[in-house]
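This report refers to the structure that appears directly beneath it.
The sequence lines fix the lettering, A, B, ..., with proteins before strands; numbering per chain opens at 1.
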Number of protein chains: 2
Amino acid sequence: MHPGLSVEEERKSGKKPRGRAAAVGLTKAGIVAAAVRQIDEKGLAAFSIRDLARTLGVSAGNIYWHVGGAKEDLFAEISASITVSVSENLAPGMDWQERLRSVFLSYRDLVRDHANVAPLLGAQLKSNGVANLAWVEVVLGALQEAGYEGEMMRDAFNALIGGLAGFVTMEFAPGPADNLEDWEAIFAERLAAIDPAHYPLTHAVLPDISNRIFVLRWQNGATISYTSSFELLLDLLIDGLAARAPAVGLQ
Amino acid sequence: MHPGLSVEEERKSGKKPRGRAAAVGLTKAGIVAAAVRQIDEKGLAAFSIRDLARTLGVSAGNIYWHVGGAKEDLFAEISASITVSVSENLAPGMDWQERLRSVFLSYRDLVRDHANVAPLLGAQLKSNGVANLAWVEVVLGALQEAGYEGEMMRDAFNALIGGLAGFVTMEFAPGPADNLEDWEAIFAERLAAIDPAHYPLTHAVLPDISNRIFVLRWQNGATISYTSSFELLLDLLIDGLAARAPAVGLQ
DNA sequence: ACCTGAACACCGTTCAAGT
DNA sequence: ACCTGAACACCGTTCAAGT
């Protein structure tokens, strides 16, 4: 058995390491925060619970007691802790298109601040389905205002989240932990070996695109900016959804 | 030192376990194929090189000798082996929009056939930058035909690949390996606890969206179809790129 | 050239036992 | 209630030694 409080619930209840019982004073929220710090610094691949315990000066078993059971549960908490504030920049009076822009730009900013955890958000089904509810509500609300409902609403929602959150996942996809410059050299060599006869266009625009487009790169969005590409995607989606929105109101 | 042949090169050279030297007859291509089979069956999280060696009736060291150095190299080979045929369904006479559709629908089909490897394709920077060149060339060619060049071409390329391949990555994101029905129960409980006062819209459309939209689901695209959502995304992107295409030709 | 076996330095997770 | 230490069953990776 374990407490099983989410980060959010814990924060609300103001739980703190108080009283004589807290010999070590470990907290679920503290563990999550320390884990994020660890991943920010050393990367997700290098992260381990034993290492985290070492850094916290605590036994590994202690972490298991506070977090529910497994490493995956910790990862779920981490995901949630990063995306909670995704709807923070909303202001009253925004129309549905502005609200969508705000929420997805916030999402990207939040992930960018912790680029190394990006795979946890996009490539795993780990959300506990609570912390993200505000996000879901905003997107659904925007789509409803645009006139979407039923199956169309579902498809529009999935196209937005899948396209935009998916983009961000790829944008910050981690490279190999070890030999950074080794890898660049290997990559450069392979690019130089591209056969103009087979791939004339790729070869021709290589100086323009090398390390700046998704497949042909050796660094990720933490180093190379994909801001203009993301904004194009955002515009394409929102404008497109507006154009084919079922009629409602004046718009 | 190791052979260092890619799957493709090996195939071309017709290399086979021939002669008396091949006591075990291990091949890089064989290793990759067996690894994919293993991941298809047991999932990516359960995959290990030791386990693979066991299944192949071979020492782990032998695998390291054939693949270059590390698990990551094997993962790169796996990614490449799955996406090589992405441009196979192209037919002469297709306009740029049809070519884009074809290539991205093919990509999704290929990933769907090996849904458990999806995280390797989207969430890691593991491409060896060779196998995917055909894909890159097709997309760049389509965008050029549409009138894109320079920065706009880069952004359009990234929006397409990031949005669509990102979508597919999320679509097939793996859930927790263990307790499948346990997790469903937990999820159902959490959905039932959604407060209509805080999240009125989410609560109202819950029957419509439960387990069918990205954030609020306990199963992935291998079980629940996201085909119509993917096609909406594809249409939004291609139509949008056509609408804002720099003038060229008649179009 | 290809392959094995043992070895090193790690993991995740559980669980009795302590306070 | 909270925490430790030891234990179990694994890993990835390297490398001498074999054929």
Side-chain angles (χ1 to χ4, degrees), chain A residues 1-5 10 13 15-31 34-35 38-39 42-78 126 176-179, chain B residues 1-5 10 13 15-31 34-35 38-39 42-78 126 176-179:
Chain A
M1 289 304 95
H2 58 87
L5 292 176
E10 200 167 22
S13 72
K15 204 181 173 199
K16 273 288 150 46
R18 61 172 182 275
R20 53 130 205 99
V24 178
L26 210 53
T27 302
K28 194 173 192 176
I31 294 172
Q38 198 98 329
I39 296 172
K42 308 190 193 175
L44 189 60
F47 176 79
S48 82
I49 283 182
R50 283 179 116 113
D51 193 29
L52 177 62
R54 238 172 276 132
T55 319
L56 287 170
V58 152
S59 77
N62 197 354
I63 290 185
Y64 278 89
W65 192 87
H66 278 94
V67 179
K71 202 180 171 184
E72 301 202 323
D73 296 85
L74 180 55
F75 283 168
E77 294 290 337
I78 291 175
K126 299 255 114 289
D178 31 326
N179 36 2
Chain B
M1 290 303 95
H2 58 87
L5 292 176
E10 199 167 24
S13 70
K15 203 180 173 198
K16 274 288 151 44
R18 63 171 181 275
R20 52 130 205 100
V24 177
L26 209 53
T27 302
K28 195 173 194 175
I31 294 172
Q38 198 100 328
I39 296 172
K42 307 190 193 174
L44 190 60
F47 176 79
S48 82
I49 283 182
R50 283 180 117 113
D51 193 30
L52 176 62
R54 239 172 276 133
T55 317
L56 287 170
V58 152
S59 78
N62 197 353
I63 290 185
Y64 278 89
W65 192 87
H66 278 94
V67 179
K71 202 179 172 184
E72 300 202 325
D73 296 85
L74 179 55
F75 283 167
E77 294 289 336
I78 290 174
K126 297 256 116 290
D178 32 326
N179 37 1

Rounded to whole angstrom units, what separation is found between the CH2 atom of A/Trp65 and the C1' atom of C/dG18?
-> 15 Å
Roughly, in whole Å, what's the span from CZ in B/Phe47 to C1' in D/dG12?
-> 12 Å
CZ (B/Arg54) and CG (B/Asp51) are apart, to the nearest 0.5 Å, by 5.0 Å
Winner on side-chain proximity to A/Ser48, out of D/dT13, C/dT13, C/dG12, is C/dG12
From D/dC3, C/dT13, D/dT13, nucleotide with atom closest to A/Arg50 side chain | C/dT13
Of the candidate nucleotides C/dC11, C/dC3, D/dG12, which contains the atom at the shortest distance from the side chain of A/Asp51?
-> C/dC11
B/Asp73 CG to D/dT13 C1', straight-line distance once rounded to whole Å = 12 Å
Taking a pair to mean Watson-Crick or G-U wobble geometry with both distances below 3.5 Å, D/dA9 pairs with none
Can you tell me the distance, in whole Å, between the CD1 atom of B/Ile49 and the P atom of D/dT14?
-> 10 Å
Heavy-atom pair of closest approach, residues A/Ile78 and A/Ala35 = CD1-CB, 3.8 Å
So, for A/Leu26 and A/His66, which heavy atoms are closest and what is the spacing to 0.1 Å?
-> O-NE2, 3.1 Å
For A/Arg54 and for B/Ser59, find the nucleotide of DNA chain C with the closest heavy atom, then tell me which residue's nucleotide is more 5'.
-> B/Ser59
For B/Asn62 and D/dT19, what is the distance between atoms CG and C1' respectively, to the nearest whole Å?
-> 13 Å
Distance in angstrom units between B/His66 NE2 and D/dT13 P, rounded | 17 Å
Complementary nucleotide of C/dT4, counting Watson-Crick and G-U pairs under 3.5 Å = D/dA16
Of B/Lys71 and A/Ala60, the one whose closest DNA chain D nucleotide lies more 5' = A/Ala60
Take atom CG of B/Leu56 and atom C1' of C/dC3, then tell me their distance rounded to the nearest Å.
-> 14 Å
Of the listed D/dG12, C/dT14, D/dT4, the closest approach to the B/Tyr64 side chain comes from D/dG12
Between atom CG in B/Leu26 and atom P in C/dA1, what is the gap in whole Å?
-> 17 Å
Side chains of B/Ile31 and B/Val58: does their closest heavy-atom pair fall under 4.5 Å?
-> no
Looking only at atom P, what distance separates C/dA9 and D/dA9, rounded to whole Å?
-> 22 Å
Between D/dT4, C/dG12, C/dC3, which one does the side chain of A/Val58 approach most closely?
-> D/dT4
Heavy-atom pair of closest approach, residues A/Lys28 and A/Val67 = CE-CA, 4.5 Å
